[in-house]
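Everything numeric here is computed off the predicted structure, so don't read it as measured data. Each ligand, and each atom within it, is numbered from 1 in the order the structure gives.
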Amino acid sequence: MSTRSDVLSALRAAGDAGVNGEALAARLGVSRVAVSKHVSTLREAGYAIDAAPGSGYRLLSAPDLPLPGEVEPLLHSSMWTALSGGAETGSTNDDARAQARSGAPEGSVVLASRQTAGRGRLGRTWASPDGGVYLSAILRPTVAPAEVASLALAVALGVVQGLETLGARPLLKWPNDVLLGGGKLAGVLLEMSAESDAVEWVIAGVGVNARCPSDAPPQPGAAYLEDVAPGAGLARAAAAELDGIADAYARWSAEGFSAIRSEYEARFALSGRQVRVSDLTGAVRAEGEVTGIDDDGRLLVRAEDGSVARVVAGEVTLRQ
Ligand code: BTN
């Protein structure tokens, strides 16, 4: 992890006794000025750090935000090896993509507590105010590009299973929306770079509405984690999501979507529902009753004439 994480860990370990800046710099093999800069950056991110002449730096409080230094100690999975990010960025997917292009390994994650240019599926904007958990993970699956469609479902399942550990019971709307009580709790945006037969990297971007911002009305159609898991906290939500994604991804990588299909279907919000599935241009791809998901993650839609369409991608709307 980074020197900033090391500074934070040292502050945590020192507790009320505090830690001398000079001694810390020597221990970490950096300059005294570098330590002071890291302390300033931590303060800007919301950490309250006291600096007293005798005892040095003392951590007074940490923010409940999905910052690397808060999320990392809560992770159980060893998959996530490099967490970065801060309070605000444009889009964590853009940051993660830049990292992936520079060769960052699988397991790198970018976190943010708000985004100024958050992106959703189908070219939509993803409103990203304070109170959300916004993260993007770099994956490098050794599969053909066509298989990445079902990876989106695996990531969404991982998010749901992670949030279940906090007491929430969200449902999945194919392909990768996470719903709670009819509102949208989380969305998943997968972006990839691939050659004709191999995937170079996938960015799995996840936005979770953790709590309604105190200075703004609830977003239309949104559901909030804090309504069902009060006190879970934003850092804990981020760690739970990442643990869930790591687990689902490991099983998807080893055995394919078929290994997790029944878990997806057990949380499926669309079974038996009348739907219309449209493509990017708005053209209707399938219409009828949802009968399930197949082993490749395709949505099964039975039309009135009894024929069953297997849909690889699209936008589902419920028919009244
Ligand atoms: C959707 O349209 O449902 C997907 C929304 C995905 C939003 C997340 S927030 C973190 C990451 N960064 C982005 O700009 N988008 C994704």
> Is it true that Glu289 and Arg273 make a salt bridge, defined as a side-chain N closer than 4.0 Å to a carboxylate O?
Replying inline: no
> Quick one: do Arg211 and Asp64 make a salt bridge, cutoff under 4.0 Å?
Replying inline: yes
> Looking only at side chains, do Asn93 and Ser91 share a donor and an acceptor under 3.5 Å apart?
Replying inline: no
> To which of Lys173, Lys184, Arg119, Gln115 does the heavy atom nearest atom 6 (C) of ligand 1 belong?
Replying inline: Arg119
> Which protein heavy atom lies closest to atom 2 (O) of ligand 1, and at what distance to 0.1 Å?
Replying inline: Arg121 N, 2.7 Å
> Under 4.0 Å from any heavy atom of Gly118, which atoms of ligand 1 are there?
Replying inline: 14 (O)
> Which heavy atom of the protein is the closest neighbour of atom 8 (C) of ligand 1, given with residue, atom name and distance?
Replying inline: Gly207 N, 3.6 Å
> Of all the atoms in ligand 1, which lie at a distance below 4.0 Å from a heavy atom belonging to Gly187?
Replying inline: 3 (O), 4 (C), 5 (C), 6 (C)
>> Atom CD of residue position Glu88 - does it have more than 12 heavy atoms of other residues, nucleotides or ligands inside 6.0 Å?
In response: yes
> According to the interplanar angle, ranging from 0 to 90°, do the rings of Tyr264 and Phe268 count as parallel (below 30°), tilted (30 to 60°) or perpendicular (above 60°)?
Replying inline: tilted
> Would you call Arg12 and Glu70 a salt bridge, using N to O less than 4.0 angstrom?
Replying inline: yes
>> Suppose I only count heavy atoms of Val188 and a 4.0 Å limit; which atoms of ligand 1 are within that range?
In response: 4 (C)
> Between Leu135 and ligand 1, which part of the residue brings a heavy atom under 4.0 Å of the ligand: side chain, backbone, both or neither?
Replying inline: backbone
>> I need the nearest protein heavy-atom contact for atom 5 (C) of ligand 1: residue, atom name and distance, please.
In response: Trp126 CE3, 3.4 Å
> How far is atom 10 (C) of ligand 1 from its nearest protein heavy atom, and which residue and atom name does that atom have?
Replying inline: Thr92 OG1, 3.2 Å
> Can you tell which part of Asn176 has a heavy atom less than 4.0 Å from ligand 1: side chain, backbone, both or neither?
Replying inline: neither
> Where do Asp94 and Arg119 land on the salt bridge (charged side-chain N to carboxylate O under 4.0 Å, His left out) test, with the steps shown first?
Replying inline: CA-CA 9 Å; Asp94 292 346; Arg119 291 185 287 108; 2.4 Å; yes
> Should Arg121 and Glu191 count as an ion pair when the cut-off is N to O under 4.0 Å?
Replying inline: no
>> For Asp177, which part has a heavy atom under 4.0 Å from ligand 1: side chain, backbone, both, or neither?
In response: side chain
